[in-house]
Amino acid sequence: SMLFHYIASQQNGKILESDIDAENVGEVLSHLAAKNLKPVSVRPVSKMRGRHRLFGGKITIADKIFLSKYLALMLKIGTGLLQAVNILIEDFDKPVIRNLLLEVKANLEKGLPFFSTFAKYPRSFGQVYINLIKAGEASGSLESVFDNLTNSLAKEKNLKDQVRGALIYPVLLLVAALFILVFLVFFALPKISKVFSEAGFNPPLFSKVVFGIGAFFGQFGIILIILLIFWHRLSYNVEILLVLFKPFHKLLHQFLNLIL
């Protein structure tokens, strides 16, 4: 069977929108006719709404917190599960959550368990989230389950935000250090090396090695970067590699002469 998304109008003119599992479009139309609904649009849902990913984007931890929080709130005040889902469909603007809720609604209308829709997307929700909903539905304690999920997800998000905030400064320092290193190797060292070689100085061995590295990267640094980027593709073509490495023979002799 396939998942179809339909838009239909009731006899009073109200528009309904939902998803349904069916073998083909004809089965969907028969289902609508049995409910006295006039079809406006029927289309198969994209394959991206398969087992691993929802159609419309990615579900973030903030989305899961919001979803769990408001489901818990509405169940606390005595709202039925299907009615709560209908309310959330109207409140959510994010396509990925709206599509999920429409699928939940369609499955509930067909008598399927509430957790079954979440179980189709283990990468988005995780097994713990899914199993807790399944246990809560079986025991009739979905309200407390969603309460606990809201609190645990909020703590998880807070921890991730703290870790991310703590890593910002070291990452910035690392990026700055890399930029400085690139500047020294590709721009400063080649110029310093050129000055010493033209002046005829005989620097110590360590300085010779450093200046030789500077001259090497100054002349062939761009080629090296291109090789690193396209190494995987070029490794299958020996002729291209030989052409690109040919200029390095001369430079290797210059480098050794500079040191020795």
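The first residue in the sequence is number 1, and the count goes up from there. It should be emphasised that the depicted structure is a prediction, and the values quoted were computed from it without experimental measurement.
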>> Would you call the rings of Phe118 and Tyr129 parallel, tilted or perpendicular, taking 30° and 60° as the class edges?
In response: tilted
> If two hydrophobic side chains count as joined below 4.5 Å and joins carry through other members, does Phe183 share a cluster with Phe179?
Replying inline: no
> Quick one: CD on Gln127 to CG on Leu132, what's the gap to the nearest 0.5 Å?
Replying inline: 11.0 Å
>> Salt bridge or not between Lys69 and Asp147? Use side-chain N to carboxylate O under 4.0 Å.
In response: no
>> Can you list, by chain and residue number, the hydrophobic cluster partners of Leu112 when the side-chain cut-off is 4.5 Å?
In response: none
>> If we ignore hydrogens and angles and just use 3.5 Å, is the side chain of Gln10 paired with the main-chain N or O of Leu37 as donor and acceptor?
In response: no
>> In this structure, would Leu67 and Ile77 fall into the same cluster of hydrophobic residues linked by side-chain contacts under 4.5 Å?
In response: no
>> For Tyr70 together with Phe66, are the ring centres under 6.0 Å from each other?
In response: yes
> Tell me, do Tyr121 and Val96 make a side-chain contact under 4.5 Å, heavy atoms counted?
Replying inline: no
>> Would the distance check show the side chain of Glu137 and the main-chain N or O of Phe114 forming a donor-acceptor pair, the cut-off being under 3.5 Å?
In response: yes
>> If hydrophobic clusters are built by linking Ile, Leu, Val, Met, Phe, Trp and Tyr wherever their side-chain heavy atoms come under 4.5 Å apart, do Val128 and Leu100 end up in the same one?
In response: yes
> Where do Phe146 and Ala72 come nearest, in terms of heavy atoms and distance?
Replying inline: CB-CB, 3.6 Å
> When rounded to the nearest 0.5 angstrom, what is the spacing between NZ in Lys105 and CG in Leu82?
Replying inline: 7.0 Å
> Has the side chain of Asn148 got a donor or acceptor atom that lies under 3.5 Å from a matching backbone atom of Ser144?
Replying inline: yes
>> In this structure, would Leu159 and Leu149 fall into the same cluster of hydrophobic residues linked by side-chain contacts under 4.5 Å?
In response: no
> Got a second to check how far Lys38's NZ is from Leu29's CG, nearest 0.5 Å?
Replying inline: 13.0 Å
>> Nearest 0.5 Å, please: how far is NZ in Lys134 from OG in Ser139?
In response: 12.5 Å
> Between Ser18 and Glu109, is a side chain to side chain contact (heavy atoms under 4.5 Å, CB included) present by the stated rule, with each step listed?
Replying inline: CA-CA 10 Å; Ser18 186; Glu109 289 174 343; 4.1 Å; yes
> Which other residues end up in the same hydrophobic cluster as Tyr169, if Ile, Leu, Val, Met, Phe, Trp and Tyr are linked when side-chain heavy atoms come under 4.5 Å apart?
Replying inline: Leu173
> Distance from Glu143 atom CD to Leu81 atom CG, nearest 0.5 Å?
Replying inline: 12.0 Å
>> Quick check against the 3.5 Å criterion: does Asp63 have a side-chain atom that pairs as donor or acceptor with the backbone of Ile59?
In response: no
> Does the side chain of Asn107 come within less than 4.5 Å of Glu103's, by heavy atoms?
Replying inline: yes
>> In the structure I gave you, are the side-chain heavy atoms of Ile97 and Leu101 within less than 4.5 Å of one another anywhere?
In response: yes
> Quick one: do Val175 and Ile168 end up in the same hydrophobic cluster if we chain Ile, Leu, Val, Met, Phe, Trp and Tyr together by side-chain heavy atoms under 4.5 Å apart?
Replying inline: no
> Do the side chain of Ser68 and the main chain of Thr150 share a donor and acceptor less than 3.5 angstrom apart?
Replying inline: no
>> To the closest 0.5 Å, what do you measure between NE2 (His31) and CD1 (Ile20)?
In response: 3.5 Å
> Any chance NZ of Lys110 has more than 12 other-residue heavy atoms, nucleotides or ligands included, within less than 6.0 Å?
Replying inline: yes
> Given the rule in the side chain to side chain contact (heavy atoms under 4.5 Å, CB included) test, do Val85 and Ile89 qualify, once you have shown the distances and angles that lead to the verdict?
Replying inline: CA-CA 6 Å; Val85 170; Ile89 289 172; 4.0 Å; yes
